[in-house]
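Report on the structure given below.
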Amino acid sequence: MKYDGYSHNDLLQILKKGDPNAALLVFFNTVHMTPIDKKLYEKLAMYKNKILIRLDDIETFTPPATCPSRTHAKKIIDFIDDHRNEYIIVSCNAGESRTGAVIHYLDQLSKKNLEKWKIIPDQFGKEPYYVRDQFRPNRLLDRMLSASLK
């Protein structure tokens, strides 16, 4: 299984070079889209092998934003299952939090890079969380995806 995680800006640059021949799993905020988000959204219209998920990078219900739900997790897992023999690109605005949760899930699923994930204590007394390279997973989405592996 081959996969990578990118910010929207990095994914936009990849798509400008041509078709990456990949399944694209892309997160967009529900409340606010930046100019780069809008360009990427338009560019993605020509790709069939994709799923666009409207989900904000939050961990608690904060209207009008949308926090991760089991429905989102199921859509992500189903997309990955349907494309597990393809190159998968995951992207969110910064390429860190929502992307990080999916990359953490993919690493666990494929049993790759597990030694690179470190547990970091939370400075505000919340539960510790995992980090790897630039990835800082959204904890709620990370827990939902990881729970499906048990």
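- To the nearest 0.5 Å, the span separating NZ on Lys74 from CE on Met144 amounts to 14.5 Å.
- Checked by atom type and distance alone, the side chain of Asp56 never pairs as donor or acceptor with a backbone atom of Cys67 at under 3.5 Å.
- The backbone N or O of Ser97 sits nowhere less than 3.5 Å from a side-chain atom of Thr99 that would complete a donor-acceptor pair.
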- Starting from the C-alpha separation in whole Å, work towards a yes-or-no answer on side chain to side chain contact (heavy atoms under 4.5 Å, CB included) for Lys38 and Thr34. CA-CA 6 Å; Lys38 290 175 184 174; Thr34 68; over 6 Å; no

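- Other residues, nucleotides and ligands contribute more than 12 heavy atoms inside 6.0 Å of the NZ atom of Lys50.
- Judged purely by atom type and a 3.5 angstrom limit, Lys48 has no side-chain atom pairing as donor or acceptor with the backbone of Ala45.
- Between Ser148 and Tyr105, some side-chain heavy-atom pair lies under the 4.5 Å cut-off.
- A continuous path of Ile, Leu, Val, Met, Phe, Trp and Tyr side chains, each step under 4.5 Å between heavy atoms, connects Trp117 with Tyr3, placing both in one hydrophobic cluster.
- Under the 4.5 Å side-chain heavy-atom criterion for grouping Ile, Leu, Val, Met, Phe, Trp and Tyr, Leu145 is connected to Ile53 within one hydrophobic cluster.
- Here CD1 of Ile88 is found 11.0 Å from CD1 of Ile51. Values are rounded to the nearest 0.5 Å.
- For the side-chain contact (heavy atoms from CB on, under 4.5 Å) with Pro68, the lone residue among Leu55, Ile76, Asp57 that qualifies is Leu55.
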- Message: Go through it in stages, so that I can follow the logic: the residues are Asp81 and Arg84, the test is salt bridge (charged side-chain N to carboxylate O under 4.0 Å, His left out), and I'd like the CA-CA distance, side-chain angles, deciding distance and then a yes or no.
- Response: CA-CA 5 Å; Asp81 286 345; Arg84 74 174 44 224; 2.9 Å; yes

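- Summarising the geometry, atom NZ belonging to Lys111 is positioned 12.5 Å from atom CG belonging to Leu106; distances are rounded to the nearest 0.5 Å.
- Considering every non-hydrogen atom in both Ile103 and Asp4, the closest pair reads CD1-C, 3.8 Å.
- For the atom pair CG (Asn49) and CG (Asp19), the distance works out to 9.0 Å, reported to the nearest 0.5 Å.
- Contact record, Gln134 with Gly95: CG-O, 3.9 Å, taken as the closest heavy-atom pair.
- At least one donor-acceptor pair closer than 3.5 Å links the side chain of Asn138 to the backbone N or O of Leu141.
- Side-chain polar atoms of Asn29 and Arg98 form a donor-acceptor pair below 3.5 angstrom.
- Here the CD1 atom belonging to Ile80 is positioned 10.0 Å from the OG atom belonging to Ser110, to the nearest 0.5 angstrom.
- Clustering of Ile, Leu, Val, Met, Phe, Trp and Tyr by side-chain heavy atoms under 4.5 Å joins Leu52 with Tyr6, Leu11, Leu12, Ile14, Leu15, Leu24, Val26, Phe28, Met33, Ile36, Leu40, Tyr41, Leu44, Met46, Tyr47, Tyr87, Ile89.
- In this structure, the separation between NE2 on His32 and CG on Asp37 is 7.0 Å, given to the nearest 0.5 Å.
- With a 4.5 Å cut-off on side-chain heavy atoms, Glu86 and His83 count as touching.
- Although no hydrogens or angles enter the test, the distance criterion places a donor-acceptor pair under 3.5 Å between the side chain of Lys112 and the main chain of Met1.
- Looking at Arg139, its side chain never comes within 3.5 Å of a backbone N or O of Arg136 through a donor-acceptor pair.
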- Query: Where do Asp107 and Arg132 land on the salt bridge (charged side-chain N to carboxylate O under 4.0 Å, His left out) test, with the steps shown first?
  - Reply: CA-CA 11 Å; Asp107 281 353; Arg132 180 191 126 197; 2.4 Å; yes

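- Scored by the ring pair (Phe, Tyr, Trp, His ring centres under 6.0 Å) test, Tyr130 finds His104 as partners (sequence neighbours excluded).
- By the criterion of side-chain heavy atoms lying less than 4.5 angstrom apart, applied directly or through intervening Ile, Leu, Val, Met, Phe, Trp or Tyr residues, Ile58 is not grouped with Phe61; the two fall into different hydrophobic clusters.
- Counting only distance, with no hydrogens or angles, the side chain of Asp133 and the backbone of Phe135 share no donor-acceptor pair below 3.5 Å.
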